[in-house]
2 protein chains.
Amino acid sequence: MENLTERYDRILNAIVSSYICSAEPVGSRTLSRNAAFKLSPATIRNVMADLEDLNLLCQPHTSAGRIPTDKGFRYYVDHLMELPELPETVQEKIRMACASHQGNMEEMLKDGIMALSQLAPYVSVVSLPHFNQATLKHIRFVRLNDRQILAVMVSGSGSVQNVLFEMDTVFVQDDLNRFSNFLNQMVDGLTLEGVKRKIFSQMKADKDAYDSVMSQVLRLSQKMLDQRAGDDSEIMIDGKLNILEHPEFADLDKMKQLFRAFEEKNIMVKLLDEAQKGEQLQVFIGVENQCEEMNLCSVVMADYGQEGQPMGKIGVIGPTRMEYSRIIPLVRYTAEVINQLMDNS
Amino acid sequence: MENLTERYDRILNAIVSSYICSAEPVGSRTLSRNAAFKLSPATIRNVMADLEDLNLLCQPHTSAGRIPTDKGFRYYVDHLMELPELPETVQEKIRMACASHQGNMEEMLKDGIMALSQLAPYVSVVSLPHFNQATLKHIRFVRLNDRQILAVMVSGSGSVQNVLFEMDTVFVQDDLNRFSNFLNQMVDGLTLEGVKRKIFSQMKADKDAYDSVMSQVLRLSQKMLDQRAGDDSEIMIDGKLNILEHPEFADLDKMKQLFRAFEEKNIMVKLLDEAQKGEQLQVFIGVENQCEEMNLCSVVMADYGQEGQPMGKIGVIGPTRMEYSRIIPLVRYTAEVINQLMDNS
DNA sequence: TGTTGGCGCTCTATGCTGATGAGTGCTAAT
DNA sequence: ATTAGCACTCATCAGCATAGAGCGCCAACA
């Protein structure tokens, strides 16, 4: 979208801002009274008509004020809005929330999105680091009974995952401890994917020596990896109830649709996966969202994770009429805080 | 509530049944047409007036039909309804759902309530076994780094709990393995509460021998127990969206209130804790619920766990206009299936 | 040429009206 | 004890008029 003249910018800006506050269509009189620009309603009407031709505004019905289209919001986000610094109190609140569970990744993220949805009347989501891609720090096997074994895996970032699986051979705990130690040396620093590959190739090389420690470790590991459902995308959501405050979802059907989407994990996964281009922070407005279920919503999303190696995404979902200028810094800052805390641990 | 004559029973029964199906007030004509009893509308009106005097029925407004009061539903549940056997297909479905994750308590319960809320248009809940009360089968310590240690506890019923804590002494994994073995012998078969007590008394007895294995194990355990938040009531909910289908929650405010209650864990804990009298299956209708938030709902709840030693509760929440005669057998059967699967494992 | 005031038009929201129908309570007859 | 009949109440809905917000267009003006 090319740029507009300054007058058009100012009027569009005023309309979007007003609509974000009030959720009501904005009329030319109202704008004119808003003394900032000394133009008569008629002049403003002309401008509005032009903006409507450009598909930046639309009317719910003849003789109503204008409301921004998704494209209008897009133009606002790209060209018009200002991003004020977050107040120190807000920054403080986010830092405190995330720091309260340092070392425990999952808790930290949970507190992070909880803070987000307290600071803004929207829904916040976060995807947990894919365990598959995380570097492993520990694997330990615990014997539950003759058949069942529990594997406990800890990633570099402190996430813990338990896998329960069964073996037809009986092991005693001391064996398992030895296997654990052995495996730990072998996998240290690899990702789970890497471990899979390594084990697979070792299996081939080693397939004759059925009784060696190595061989037993490999069998154990493979059973464990088989048991793990391949895709462990985990997502947490907070502040679902906030959505009920917004008039655009007062309609029961729209609300149902949205809540259904929140419940369906794969929809949410798809939503968060949309942004992959390595952009640090992305905004999807209304129909820009690939999932139809979210076509009435906007999503502000940021990557978290080490530089160049994103581990997950954190974001906020709200109506297209969202306070972008407040939410964008909020999401960005939260992602930064998470990054810092991860580095320190 | 004392008994009524048979005619009153039959009419009340018909009204409640009809209202459960239709959610509409029931008028005397409709009932009269319902040829089962050959009475004129006028006669039925007289009976209905009497039932209203007894507070079993009420009218939304003059000249509307009658709807049952909470007390009316209670009388229906206690005296009138019949509990048909569950169809074999339904039993099968529940068994399959629960059995699919045998050995993993949490997954089994999750699948159980998922089945419940697919078989009935209501919300189902389950409280996980209190880890505090479960008998322990294993404790293992995993070294994460110089300070951090991860404890993995497995209960007799197969629940797993991870606790991350810090020590100021540095241990190597081999030490921790020895401690694990030691502790396992000491705690086998005790509940976590029992372990706490045992450790506390041993600490006293042993406080001089600071360096002994025993002493180190005790310090480790205590740190771990301190770290665990005292109350680990966990609750899972499924089928929240079902509630949206019922006209009694078409009103946005009522719906918000209910969803708010679902989100607030302590409200749900309180709800499930209400039933403690050792009754195997309990029904709470409308205002009988202690939590105000649930005064428009009924709750059908059953204990699961070994005979005489309940481990948790499983239940269904719906409008007071709930299909009690279907839900009660459903909840009861699900609890039984869970019990059986737990015994087998 | 850009801006403005004025006029007529459109559409929504609101409130009033009367008709309709479901359902009741009461009474008198069976 | 039961029933038929009648008058009454109340919610719901369609129909209609009114008020008000807001627009587009046009002619006048700087």
Side-chain angles (χ1 to χ4, degrees), chain A residues 4-12 14-19 21-69 72 247-248 250-251, chain B residues 4-12 14-19 21-69 72 247-248 250-252 321:
Chain A
L4 304 173
T5 69
E6 197 209 327
R7 163 177 291 175
Y8 282 66
D9 273 0
R10 289 180 58 198
I11 289 183
L12 181 55
I15 293 174
V16 174
S17 304
S18 163
Y19 184 67
C21 290
S22 68
E24 296 287 320
V26 186
S28 54
R29 275 187 64 117
T30 331
L31 267 194
S32 165
R33 272 196 301 267
N34 195 357
F37 16 66
K38 283 160 194 149
L39 295 176
S40 78
T43 315
I44 296 182
R45 276 206 289 281
N46 289 331
V47 176
M48 286 163 101
D50 291 347
L51 290 171
E52 185 162 359
D53 288 341
L54 290 169
N55 263 319
L56 297 170
L57 296 179
C58 66
Q59 288 178 284
H61 55 83
T62 350
S63 94
R66 302 300 209 293
I67 61 179
T69 60
E248 31 268 276
D251 177 52
Chain B
L4 304 172
T5 69
E6 196 208 327
R7 164 177 291 175
Y8 281 68
D9 272 0
R10 287 181 56 198
I11 289 183
L12 180 55
I15 292 174
V16 174
S17 305
S18 162
Y19 184 66
C21 289
S22 68
E24 296 288 318
V26 187
S28 53
R29 274 187 65 119
T30 330
L31 268 194
S32 165
R33 272 195 302 266
N34 194 357
F37 18 64
K38 283 162 193 147
L39 294 177
S40 78
T43 315
I44 295 181
R45 275 206 288 282
N46 288 330
V47 175
M48 285 164 102
D50 291 349
L51 290 172
E52 184 164 359
D53 287 343
L54 290 168
N55 264 319
L56 297 170
L57 296 179
C58 67
Q59 289 178 283
H61 56 83
T62 349
S63 95
R66 301 302 209 290
I67 61 178
T69 60
E248 31 269 275
D251 176 52
L252 256 191
R321 184 185 63 78

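Lettering follows sequence order; numbering is per chain, from 1. As the structure is a computational prediction, the values presented were derived from the model and not from experiment.
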Along DNA chain C, first and last positions that approach a heavy atom of chain A under 4.0 Å |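 Contact boundaries, 5' end first: C:dT3 to C:dT12.
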Closest non-hydrogen contact found for B:Val26 with B:Met48 is O-CE, 3.3 Å
Which whole-number value in Å describes the distance from B:Asp50 CG to D:dT2 C1'?
->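 Atom CG in B:Asp50 sits about 14 Å away from atom C1' in D:dT2.
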Rounded to the nearest angstrom, tell me the gap between atom CD1 in B:Ile67 and atom P in D:dA11.
->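 It works out to 14 Å between those atoms.
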Gap separating the [atom1] atom of [X] from the [atom2] atom of [Y], nearest 0.5 angstrom:
{"X": "A:Arg45", "Y": "A:Arg66", "atom1": "CZ", "atom2": "CZ", "answer": "9.5 Å"}
{"X": "A:Thr43", "Y": "A:Lys38", "atom1": "OG1", "atom2": "NZ", "answer": "14.5 Å"}
{"X": "A:Asn55", "Y": "A:Thr69", "atom1": "CG", "atom2": "OG1", "answer": "6.0 Å"}
{"X": "A:Leu39", "Y": "A:Ser32", "atom1": "CG", "atom2": "OG", "answer": "7.5 Å"}

Do A:Val47 and A:Arg7 have side chains that get closer than 4.5 Å, going by heavy atoms?
->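 Yes; the side chains approach each other to less than 4.5 Å.
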For D:dT3, does OP1 or OP2 lie under 4.0 Å from any side-chain N or O of B:Ser40?
->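 Checking D:dT3 against B:Ser40, a side-chain N or O does come within under 4.0 Å of OP1 or OP2.
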With sugar-phosphate taken as primed atoms, P, OP1 and OP2 and all else as base, the protein-contact string of nucleotides 17-24 of chain D at under 4.0 Å (heavy atoms; B, S, -) is ----BBBB
For B:Ala42 and for B:His61, find the nucleotide of DNA chain D with the closest heavy atom, then tell me which residue's nucleotide is more 5'.
-> B:Ala42
Side chain to side chain donor-acceptor pair (under 3.5 Å) against B:Ser17, all qualifying residues, sequence neighbours excluded |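 B:Asn13.
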Side chain to side chain contact (heavy atoms under 4.5 Å, CB included) between A:Ile15 and A:Ile11, intermediate numbers included | CA-CA 6 Å; A:Ile15 293 174; A:Ile11 289 183; 3.9 Å; yes
